[in-house]
Amino acid sequence: RKKKTSNTKYEIIQCATELFLEKGYTDAYVTTIAKKLQISLGNLTFWFPTKEHILAEMLKELCAFQAQADAKEADKKYSLLIEYLFELAMFASVCKENHNIEDLVLAAYTHPLSLGVIRANDTERAKKVFGEFCPEWTDAEFVQAENVVSGIEYAMFMTENTEILSFEQRVTSCMDAILKIYEVPKEIRKDIIVEVMARDYQSRGKLVFENFCKYVGEKSVEELQKTAK
């Protein structure tokens with residue numbers, strides 16, 4: 001019993017991730033998480049005072065998961081930039097196809113704790129991805145840019161497709177706006193956006209959360225093994 005309690009934090013993250021994907025953020029309740037894990041609500045709130053705290057911690061794990069993909073691309077010209085934009089297309093595609101994931105993503109961009117995680121992570125990531133295009137920028141300028149970029153991303157995720165604005169149009173418009181903010185030259189913007197949109201972001205999007213759930217599950221097992229030693 002003591003071993004289970006010491007690993008409760010990671011079990012909660014794993015269970016919550018699965019529930020968020022199954023029910024969406026709005027319809028997933030902390031009482032359901034506690035019941036599934038067979039722990040008291042008090043035990044759960046000891047680790048995470050609110051559902052938003054769970055969401056914020058889950059996003060930290062998602063950022064770590066994404067960083068692994070970035071690390072594989074770090075030595076290729078423009079590959080970090082392509083991967084950065086590819087993720088946007090991928091997440092937008094998943095949100096279009098899956099209402100529960102759309103609800104989860106929109107919640108992440110509207111709750112202060114989770115939005116703070118997104119902005120902090122993406123600010124550091126932007127320095128690596130866009131540093132060559134704006135070498136004179138200060139840390140404060142990257143922070144200011146990300147505050148605007150996160151708003152652009154949120155607008156892309158929440159906007160519905162219409163006859164006037166198709167899915168491809170809103171995604172490419174979002175990409176172009178972000179690249180402009182980070183001073184990427186027009187000729188590079190156009191070529192990279194074309195390359196990203198030609199990739200199979202739909203199929204990758206369908207797999208990303210499945211792979212993330214596996215990643216969180218493996219992390220939970222690793223932490224349990226540590227506490228058992």
Side-chain angles (χ1 to χ4, degrees), residues 59 62-98 101-102 105-106 108-110 114-208:
L59 285 173
L62 181 58
C63 290
F65 174 71
Q66 292 173 326
Q68 292 184 352
D70 282 355
K72 296 177 182 178
E73 302 293 330
D75 60 339
K76 303 173 187 176
K77 186 173 178 60
Y78 295 145
S79 58
L80 284 180
L81 178 51
I82 291 171
E83 187 67 20
Y84 174 95
L85 296 179
F86 185 66
E87 278 183 16
L88 285 178
M90 180 182 65
F91 276 101
S93 175
V94 175
C95 287
K96 179 170 70 77
E97 300 296 333
N98 189 313
I101 294 179
E102 179 187 38
V105 170
L106 293 180
Y109 275 85
T110 51
S114 51
L115 179 58
V117 172
I118 292 171
R119 285 176 170 173
N121 176 77
D122 288 0
T123 295
E124 292 305 311
R125 192 179 184 193
K127 294 176 185 178
K128 299 175 183 177
V129 174
F130 300 108
E132 65 178 290
F133 301 107
C134 36
E136 304 300 321
W137 280 29
T138 64
D139 288 350
E141 287 173 312
F142 276 103
V143 170
Q144 292 169 5
E146 179 51 36
N147 288 344
V148 176
V149 167
S150 60
I152 294 173
E153 292 172 351
Y154 175 69
M156 177 190 67
F157 290 129
M158 73 175 295
T159 302
E160 296 184 359
N161 301 327
T162 66
E163 292 181 1
I164 299 174
L165 189 65
S166 68
F167 172 80
E168 289 75 15
Q169 286 174 320
R170 66 184 172 91
V171 173
T172 55
S173 295
C174 172
M175 291 179 181
D176 192 55
I178 293 172
L179 295 178
K180 284 180 182 178
I181 289 173
Y182 286 112
E183 302 182 2
V184 178
K186 184 177 181 179
E187 60 275 13
I188 296 177
R189 295 202 308 268
K190 181 179 178 181
D191 290 344
I192 286 181
I193 291 174
V194 169
E195 179 174 347
V196 170
M197 296 304 289
R199 294 188 173 194
D200 190 6
Y201 51 82
Q202 294 98 334
S203 295
R204 172 96 170 262
K206 291 177 181 178
L207 290 174
V208 66

Colleague: Pairs under 3.5 angstrom only: tabulate donor-acceptor contacts from the side chains of residues 145-155 to other protein residues two or more places apart or in another chain.
Modeller:
from: S150; atom 1: OG; to: R119; atom 2: NE; distance (Å): 2.9
from: S150; atom 1: OG; to: R119; atom 2: NH2; distance (Å): 3.3
from: S150; atom 1: OG; to: E146; atom 2: O; distance (Å): 3.2
from: S150; atom 1: OG; to: N147; atom 2: O; distance (Å): 3.1
from: E153; atom 1: OE1; to: Y109; atom 2: OH; distance (Å): 2.6

Colleague: Less than 4.5 Å apart, side chain to side chain, heavy atoms only: is that true for V171 and L88?
Modeller: no
Colleague: Write down the atom of V105, the atom of F157, and the distance for their closest heavy-atom approach.
Modeller: CG1-CD1, 3.7 Å
Colleague: About how many Å separate CD of E83 and CD of Q66, when rounded to the nearest 0.5 Å?
Modeller: 9.0 Å
Colleague: Determine whether E183 and E136 make a side-chain contact, defined as any pair of heavy atoms from C-beta on separated by less than 4.5 Å.
Modeller: no
Colleague: Return the NZ to CG distance between K128 and L80, rounded to the nearest 0.5 Å.
Modeller: 8.5 Å
Colleague: So, using salt bridge (Lys or Arg N to Asp or Glu O under 4.0 Å) as the criterion, who are the partners of D139 when residues are at least two apart?
Modeller: K127
Colleague: Can you name the nearest heavy-atom pair linking L85 to I192, along with the distance?
Modeller: CD1-CG2, 3.5 Å
Colleague: A side-chain contact here means heavy atoms from C-beta on lying under 4.5 Å apart; do F91 and Y201 qualify?
Modeller: no
Colleague: State the OG1-CZ distance between T172 and R170, to the nearest 0.5 angstrom.
Modeller: 10.5 Å
Colleague: Does some side-chain heavy atom of V129 sit less than 4.5 Å from a side-chain heavy atom of Y182?
Modeller: no
Colleague: Looking only at heavy atoms, what is the nearest atom pair of Q169 and S166, with distance?
Modeller: OE1-N, 2.8 Å
Colleague: To the nearest 0.5 Å, what is the distance between CZ (R204) and OG (S93)?
Modeller: 12.0 Å
Colleague: For residues A89 and M197, report the shortest heavy-atom separation together with the two atoms involved.
Modeller: CB-SD, 4.5 Å
Colleague: State which residues pass side-chain hydrogen bond (donor to acceptor under 3.5 Å, both in side chains) with Q144; sequence neighbours excluded, sorted by chain then number.
Modeller: none
Colleague: Of all residues at least two apart in sequence or in a different chain, which pass the side-chain hydrogen bond (donor to acceptor under 3.5 Å, both in side chains) check with Q202?
Modeller: none
Colleague: CZ/F86 to OG/S79 distance, rounded to the nearest 0.5 angstrom?
Modeller: 13.5 Å
Colleague: For K180, which residues count as a salt bridge (Lys or Arg N to Asp or Glu O under 4.0 Å) partner, sequence neighbours excluded?
Modeller: D176
Colleague: Could you list the residues that satisfy salt bridge (Lys or Arg N to Asp or Glu O under 4.0 Å) with E195, not counting sequence neighbours?
Modeller: R199
Colleague: Working to the nearest 0.5 Å, report the span between CE of M158 and SG of C95.
Modeller: 12.0 Å
Colleague: Check whether any side-chain heavy atom of L179 sits under 4.5 Å from a side-chain heavy atom of I193, and report yes or no.
Modeller: yes
Colleague: Work out which heavy atom in V184 is nearest to a heavy atom in F130; give both atom names and the distance.
Modeller: CG2-CD2, 3.9 Å
Colleague: Backbone N or O of T138 within a donor-acceptor pair of the E141 side chain at under 3.5 Å?
Modeller: yes
